[in-house]
**Student:** 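Got a structure for you, questions after.
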Amino acid sequence: MLNELANLHKLCFPHNPWSADDFADLKKSGCEIIASQHGFIVYRQILDEAEIITIGVHPDARRTGIAAAMLGIMQGDLKKSGVKHIFLEVAADNLPARRLYEQDGFVQIGMRPKYYDGQDAIMMRKDI
Ligand SMILES: CC(C)(COP(=O)(O)OP(=O)(O)OC[C@H]1O[C@@H](n2cnc3c(N)ncnc32)[C@H](O)[C@@H]1OP(=O)(O)O)[C@@H](O)C(=O)NCCC(=O)NCCS
């Protein structure tokens, strides 16, 4: 399963692929992973806060609502676990991801200049 996840991650992030071992390490460190054949989301809960580590959908399956659905499932689980606030960082030039998060109700709360290889990171938050 982690090998399939690594293959899917490579299709989503060709310039920064994560290995099956990377995913195993994330799980060991307490991250949750929701994954299917077409997409994955990795997140971490700390007390009443959570952080989205990454999200990806197979290039052939995009714009069919998969990412939005995974965000919904994640938030359902987090609410049950007492989470009140969700945070994330997204590259300023990643417009599909920024639109996804905005449509889901995340708002910008800050910016880290030149965070990703010279590209600004937008910090976002949603209260649930
Ligand atoms: C960002 C990503 C996860 C979106 O996945 P997706 O399954 O295609 O997204 P959805 O179909 O659930 O889209 C939900 C909403 O997000 C927005 N959105 C998604 N892709 C978009 C695009 N290419 N352009 C503009 N808005 C987009 C839209 O508002 C969309 O709603 P709509 O289709 O009703 O207009 C996907 O493009 C991806 O895997 N990108 C590469 C990996 C990546 O950059 N991950 C984010 C790292 S922070």
Side-chain angles (χ1 to χ4, degrees):
M1 183 241 172
L2 294 185
N3 283 324
E4 287 163 17
L5 204 45
N7 289 339
L8 186 53
H9 188 277
K10 191 175 185 177
L11 290 172
C12 295
F13 298 94
H15 303 298
N16 181 26
W18 293 357
S19 67
D21 285 347
D22 291 332
F23 279 103
D25 287 344
L26 284 168
K27 285 184 74 137
K28 270 187 225 148
S29 74
C31 288
E32 300 288 341
I33 302 174
I34 296 172
S36 71
Q37 193 184 345
H38 298 299
F40 57 84
I41 184 167
V42 182
Y43 59 98
R44 177 174 16 231
Q45 177 182 352
I46 300 171
L47 302 175
D48 67 346
E49 295 184 354
E51 178 190 11
I52 297 177
I53 310 293
T54 191
I55 184 169
V57 170
H58 192 294
D60 295 341
R62 289 182 187 161
R63 289 315 279 273
T64 62
I66 292 174
M70 293 192 297
L71 283 173
I73 293 167
M74 176 198 74
Q75 288 170 72
D77 287 351
L78 289 176
K79 266 190 194 175
K80 281 188 212 149
S81 305
V83 166
K84 303 267 191 293
H85 317 287
I86 306 175
F87 297 88
L88 62 87
E89 280 157 9
V90 57
D93 65 349
N94 191 344
L95 294 183
R98 289 180 65 184
R99 294 288 100 80
L100 167 72
Y101 296 134
E102 284 163 7
Q103 175 154 312
D104 195 73
F106 283 82
V107 293
Q108 180 171 345
I109 54 164
M111 194 192 49
R112 296 188 203 276
K114 303 191 189 324
Y115 188 67
Y116 300 112
D117 271 342
Q119 180 60 229
D120 297 343
I122 305 292
M123 300 152 68
M124 303 185 88
R125 165 183 169 148
K126 180 178 179 183
D127 298 331
I128 60 174

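This structure is a prediction, so every number in the text was calculated from the model and none was measured. Note that these values count all heavy atoms, side chains included, but never hydrogens, waters or copies made by symmetry. Atoms within a ligand are numbered from 1 in the order they appear, just like the ligands themselves. Counting from 1, the numbers follow the sequence of the chain as shown.
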**Student:** Between Arg112 and Met123, is a side chain to side chain contact (heavy atoms under 4.5 Å, CB included) present by the stated rule, with each step listed?
**Tutor:** CA-CA 7 Å; Arg112 296 188 203 276; Met123 300 152 68; 3.7 Å; yes

**Student:** Of Asp77, Leu26, Leu71, which is the lone residue that meets side-chain contact (heavy atoms from CB on, under 4.5 Å) with Tyr43?
**Tutor:** Asp77

**Student:** Run the side chain to side chain contact (heavy atoms under 4.5 Å, CB included) test against Leu47 and tell me which residues pass, sequence neighbours left out.
**Tutor:**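 For Leu47, no residue satisfies side chain to side chain contact (heavy atoms under 4.5 Å, CB included) once neighbours in sequence are set aside.
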
**Student:** Has the side chain of Asp48 got a donor or acceptor atom that lies under 3.5 Å from a matching backbone atom of Gly82?
**Tutor:** no

**Student:** Between Gln75, Met124, Glu51, which is the residue that forms a side-chain contact (heavy atoms from CB on, under 4.5 Å) with Ile86?
**Tutor:**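 Among Gln75, Met124, Glu51, the one that satisfies the side-chain contact (heavy atoms from CB on, under 4.5 Å) with Ile86 is Gln75.
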
**Student:** For Asp127, look at atom CG and say whether over 12 heavy atoms of other residues, nucleotides or ligands are found less than 6.0 Å away.
**Tutor:** yes

**Student:** In order of chain and number, which residues sit within 4.0 Å of ligand 1 by heavy atom?
**Tutor:** Cys12, Phe13, Ile55, Gly56, Val57, Arg62, Arg63, Thr64, Gly65, Ile66, Ala67, Ala68, Val90, Asn94, Pro96, Ala97, Arg99, Leu100, Tyr101, Gln103

